[in-house]
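A short write-up of the structure that comes next.
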2 protein chains.
Amino acid sequence: MPRRLPTSEQLRTWRDFIETTEALRAVVAARLQAESGLSPGDYAVLLALSEAPDRRLRPSDLAVAISWERSRLSHHLGRMERRGLIRREGFSGDSRGAFVILTDAGSAAFHAATVPHLTAVRELFVEALTPEQMDALAQISAALRDHLPNR
Amino acid sequence: MPRRLPTSEQLRTWRDFIETTEALRAVVAARLQAESGLSPGDYAVLLALSEAPDRRLRPSDLAVAISWERSRLSHHLGRMERRGLIRREGFSGDSRGAFVILTDAGSAAFHAATVPHLTAVRELFVEALTPEQMDALAQISAALRDHLPNR
DNA sequence: TCAGCCTAGTTGACACGTCAATCAGTATGG
DNA sequence: CCATACTGATTGACGTGTCAACTAGGCTGA
């Protein structure tokens, strides 16, 4: 027997939630873009690479590190390579293997982006919420994540 | 004098929040797609049109109703028109004006999508949270939205 | 009246994401 | 040995979004 549909109040909360997070994400992305010329995707890739030993990772490991599908990563790396932010290098032995390597330009772009990006997070996110709301949101994120199907 | 950057705890909450909402959005979108062949964008457009008098709206009004940029809407309407979900009609008088009109196929697709979509929202969102968390989330969304720049 | 501006809407280029197909190399079982 | 399956990675097609440029008609004021 089917259960009830959401109440109109729950639906309103859902829509407000979705619209607000989308707007927030867009504003943070626009700031990042304006201040450093990087997209959130670029930033995630550069962050993972800059923390990796030798500033290099296998595409598969990088994909796991930032929770991306390999195909998405491959397309994105192609674009980043064209812009000189990373380069790819073959792997001796198993020729399936490859490395994604952070270039100096990529490293410079990442470092230039870090502080402005964190400042945007503070201004748009941290400062909007009380400490209690921040705690509650951490709980809520965990509850939503844990309720998602298998993965 | 510049203020502090987010603490690592705040940053963790930020990242969890962003990743969770993104994952949730993706799962709801995938369900909608699987059950009705509609994207969230399609759904928003069809919802607005089905509530409009005569099932028709001027593109500008539609854009305002769903908070989209005109250009985004124009591209999306082109795709929906190709699939027969909507059609466009000229407007007598001011030839800049036009109408977006819900077709029978669009109406049918929307009605077929509604219950499964709301069920997904219940299962993935409503059921994941306690009533207190739901209330808190409504407050948090409002706080974040109100803190966003100008608009 | 007509230049300048505003409004409505479309278009093209390009970034981003997903899906399915493909390719190359390794491993494995008969 | 070799067909088959698996893994790492790329590619192509296509839907989606944004930005800037463009078309086109209406409005306004010197």
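Order of the sequence lines fixes the chain letters, A, B, ..., with proteins taken first and strands second; residue numbering starts at 1 for each chain.
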Between [atom2] of [N] and [atom1] of [X], the distance in whole Å:
X        : N       : atom1 : atom2 : result
Trp68(B) : dG9(C)  : CH2   : P     : 16 Å
Glu89(B) : dT10(C) : CD    : P     : 14 Å
Glu81(B) : dT10(C) : CD    : C1'   : 12 Å
Leu73(B) : dT18(D) : CG    : C1'   : 14 Å
Leu77(A) : dT10(D) : CG    : C1'   : 11 Å

Please work out if Ser60(A) contacts a base, only the sugar-phosphate, or nothing of the nucleic acid, heavy-atom cut-off 4.0 Å.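 The residue Ser60(A) makes sugar-phosphate contact but no base contact.
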On DNA chain D, does the nearest nucleotide to Glu22(A) precede the nearest nucleotide to Arg88(A) from the 5' side, or the other way round? Give the residue.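 The residue whose closest nucleotide sits nearer the 5' end is Arg88(A).
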With side-chain contact (heavy atoms from CB on, under 4.5 Å) as the criterion, how do Arg87(A) and Glu89(A) come out once you've worked through the C-alpha distance, each side chain's angles and the decisive distance to 0.1 Å? CA-CA 7 Å; Arg87(A) 61 193 175 82; Glu89(A) 195 170 275; 2.9 Å; yes
Produce the list of close N/O pairs, under 3.5 Å, pairing protein atoms with atoms of nucleotides 19-22 of chain C; give distances to one decimal.
unit_1  : atom_1 : unit_2   : atom_2 : d
dC19(C) : N4     : Ser71(A) : OG     : 2.5

Cluster question for you: counting only ILVMFWY and a side-chain heavy-atom cut-off of under 4.5 Å, with indirect links fine, are Phe99(B) and Ile66(B) together?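 No; Ile66(B) is not reachable from Phe99(B) via cluster members.
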Is the side chain of Glu123(B) donor-acceptor paired with the backbone N or O of Ala120(B) at a distance under 3.5 Å, no angle test?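 The answer is no, because no donor-acceptor pair under 3.5 Å joins these two groups.
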Indicate yes or no: does Arg88(B) engage Glu81(B) in a salt bridge with an N to O separation below 4.0 Å.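 Looking at Arg88(B) and Glu81(B), the cut-off is met.
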Would you call Arg79(B) and Asp42(B) a salt bridge, taking side-chain N to carboxylate O under 4.0 Å as the test?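 Not counted as a salt bridge, because no side-chain N and carboxylate O are separated by less than 4.0 Å.
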Distance below 4.0 Å between Arg58(B) side-chain N/O and dT7(C) OP1 or OP2: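 No, no such contact exists.
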N/O (side chain, Arg83(B)) to phosphate O (OP1/OP2, dG15(D)) under 4.0 Å: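 Answer is no, no contact under 4.0 Å.
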Kindly point out which of dC16(C), dT11(D), dG9(C) is positioned nearest to the side chain of Arg79(A)?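 The listed nucleotide nearest to Arg79(A)'s side chain is dC16(C).
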Candidate nucleotides dT16(D), dG9(C), dT10(D), ranked by approach to the side chain of His76(B) - the nearest: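 Selected nucleotide: dT16(D).
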Just one of His76(A), His117(A), His111(A) clears the ring-ring contact (aromatic ring centres under 6.0 Å, His included) bar with Tyr43(A), so which one?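 Testing Tyr43(A) for a ring-ring contact (aromatic ring centres under 6.0 Å, His included) against His76(A), His117(A), His111(A) leaves exactly one candidate, His117(A).
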Compare every heavy atom of Leu85(A) with every heavy atom of Ala109(A), then report the nearest pair and how far apart it is.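 Looking at all heavy atoms of both residues, the shortest contact is CB-CD2, 4.0 Å.
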Under the 3.5 Å rule, do the base of dA9(D) and the side chain of Arg70(A) count as making a donor-acceptor pair?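 Side chain to base: pair found, below 3.5 Å.
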Tell me which residues in residues 32-43 of chain B put a heavy atom below 4.0 Å from DNA chain C, sorted by number, or none.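 Output list: empty, so none.
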Under the ring-ring contact (aromatic ring centres under 6.0 Å, His included) rule, collect the residues that match up with Phe17(A), sequence neighbours excluded.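 Per chain and number, Phe17(A) pairs via ring-ring contact (aromatic ring centres under 6.0 Å, His included) with Phe125(B).
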Arg82(A) vs Ala26(B), nearer the 5' end of DNA chain C by closest nucleotide: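 Per heavy-atom nearest nucleotide, the more 5' residue is Arg82(A).
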Measure the CG-CG distance between Leu137(B) and Leu144(A) for me, rounded to the nearest 0.5 Å.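 Going from the CG atom of Leu137(B) to the CG atom of Leu144(A) covers 7.5 Å.
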